[in-house]
Trainee: 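Take a look at this one; I'll ask things after.
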2 protein chains.
Amino acid sequence: MSFSRLLVTFSLMMMMAISNEPFTLAHKEEYKIYGFPYSASTWRVLAVLHEKGLSYYPITVNLRTGEQKKPSFLSINPFGQVPVLLDGHLKLTESRAISLYIESAHRSRGTKLLNHKNYKKMGIETMWMYIESFEFDPPATTLTFEQAIKPMTGLKTDYKVVNETEPQLEKVLDIYEERLKNSRFLAGNRFTLADLFHLPNIEYLMNTTTKRLFESRPNVHRWVAKIMARPAWRKACDANAWYDEMEN
Amino acid sequence: MSFSRLLVTFSLMMMMAISNEPFTLAHKEEYKIYGFPYSASTWRVLAVLHEKGLSYYPITVNLRTGEQKKPSFLSINPFGQVPVLLDGHLKLTESRAISLYIESAHRSRGTKLLNHKNYKKMGIETMWMYIESFEFDPPATTLTFEQAIKPMTGLKTDYKVVNETEPQLEKVLDIYEERLKNSRFLAGNRFTLADLFHLPNIEYLMNTTTKRLFESRPNVHRWVAKIMARPAWRKACDANAWYDEMEN
């Protein structure tokens, strides 16, 4: 690196330190995010952006009016889902894949959410990410849908489904409880994407009676409190932050 | 690298070239795989090992007698599932996580199943891996369970479930058909883990009436034929190969 580039880098770092604000990319360099500020999957990606101290250009897709299923949006994501990330000509869907992409592109910036240099640690992190996808997410999403999403759209919670699904989540949480006895976070003693991926469902479920399944397990409870309190997460699920970003 | 180490490496390469056999690790250096030779998830990991030309030490967990739910195995994987990989003291579960781990540890060996050097290409590959997990796998697993697993265990297929699930799979395959018009494989023109992850369910479904959903879409059909024919895959789902490996 030449001296002049070093100087520029140093000046930028000083500006960030003085303003106490994340370094804002020029608009053309920012990620564009198609999303909705009440969508749990959108929150997942926003949490990663905030952990990394990255700004973004938000494009609202109104899930309440079904905009995600209209031809104009289906041409962007044929699966009819948000979030979608645009990075120049690259378009990515699936919130977990987008999260991994942002973390890989900015691995040494902000919170380090994965251990890129140690493939064994990365193996453990990847395992816990897939445990979230295949063990935690299915019962958690069903419980979120029944108790949080359905009431928001005027539909009735099916308590038979809730009662059948809670024991499935309990089995998973029993294993988490055991794991978190000896580990501060799921993949080790550092917060990683494996923890972050759980947040959207947990945020919803802590406002339902399913909350007791988390609170009755002391190590799970400690973990949930810790990850939910992260400033990046609080900002990710704050709809005002999304609309503020639109105005910038 | 010292000259003597270079010489050893060169000699090993020559031995591999002469014998035309994959380089066999000493037993203590081999991966140990807890699995079952009729388990679709076990096949996923074996396919990666064969693509990489790696031998392994198989430990059979008999799913037919429910060995995976007995305390001796639950102490290895509390989720009661195969496969499990042991690499020295490291233990990994979740077939997709194990696959990613093996690929990362041996990135320049055998078939290159991911683009580690280009984070944008890796982003597209990761997206298609997650599309498999969240879009393809749920209906495909339900259809496999109803039509292939249930009959094997003496249970009756619920055709109501089959009829309700097939349209979900069709929606996914319509999107794949469009994608595969312009791309030889899902994530681009090279075979990657994103394609490989689909194989276990496809292998089962091509022996059911759901086969027609794949065959009626020309580009999907071409893709399915191509990935199913890979020698590494044929070996992965050949139970004899598992038992042969046990005898070595």
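Letters A, B, ... are given to chains in the order of the sequence lines, protein chains preceding strands, and every chain is numbered from 1.
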Trainee: With a 4.5 angstrom heavy-atom cut-off, could you sort out which part of A:L92 is near chain B: side chain, backbone, both or neither?
Mentor: both
Trainee: Please identify, among B:V172, B:L100, B:I131, the residue contributing the most non-hydrogen atom pairs under 4.5 Å to chain A.
Mentor: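 Ranked by contacts with chain A, first place is B:I131.
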Trainee: Looking at chain B, which one of A:M129, A:E94, A:E125 has the largest number of heavy-atom pairs inside 4.5 Å, strictly under?
Mentor: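 It is A:E94.
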Trainee: My understanding is that only one of B:I202, B:T210, B:D137, B:I149 makes a side chain to side chain contact (heavy atoms under 4.5 Å, CB included) with B:T144; could you say which?
Mentor: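 Single side chain to side chain contact (heavy atoms under 4.5 Å, CB included) partner of B:T144 among B:I202, B:T210, B:D137, B:I149: B:I149.
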Trainee: May I ask you to test the A:K52-A:L113 pair for a side-chain heavy-atom distance under 4.5 Å?
Mentor: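 Yes, side chains in contact.
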Trainee: Of the backbone (N, CA, C, O) and the side chain (C-beta and beyond), which part of A:F134 lies under 4.5 Å from a heavy atom of chain B, both, or neither?
Mentor: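 It is the side chain, since no backbone atom gets that close.
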Trainee: Give me the ring orientation class for B:Y31 and B:H106: parallel if the planes are under 30° apart, tilted from 30 to 60°, perpendicular past 60°.
Mentor: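 It falls in the perpendicular class, over 60°.
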Trainee: How are the rings of A:Y176 and A:F136 set relative to one another: parallel (under 30°), tilted (30 to 60°) or perpendicular (over 60°)?
Mentor: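 If you compare the ring of A:Y176 with that of A:F136, the planes turn out parallel.
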Trainee: Could you check which of B:R179, B:K91, B:E178, B:R96 has the highest count of heavy-atom pairs closer than 4.5 Å to chain A?
Mentor: B:R96
Trainee: Just so I understand: if I count every heavy-atom pair under 4.5 Å between each of B:Q81, B:M122, B:K120 and chain A, which residue has the most?
Mentor: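 Looking at each option in turn, the highest pair count goes to B:K120.
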Trainee: Tell me whether the rings of A:Y130 and B:Y130 are parallel (<30°), tilted (30 to 60°) or perpendicular (>60°).
Mentor: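 Ring orientation of A:Y130 relative to B:Y130: parallel.
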Trainee: Please verify the inter-ring angle class for B:W43 with B:Y204; under 30° counts as parallel, over 60° as perpendicular, anything in between as tilted.
Mentor: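 Aromatic pair B:W43/B:Y204 classed parallel.
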Trainee: Between B:I124 and chain A, with a heavy-atom cut-off of 4.5 Å, which part of the residue counts as in contact: side chain, backbone, both or neither?
Mentor: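 For B:I124, the contact with chain A is made by backbone and side chain together.
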Trainee: Under a 4.5 Å cutoff for heavy-atom pairs, which residue among A:T126, A:L90, A:I98, A:T93 has the most contacts with chain B?
Mentor: A:T93
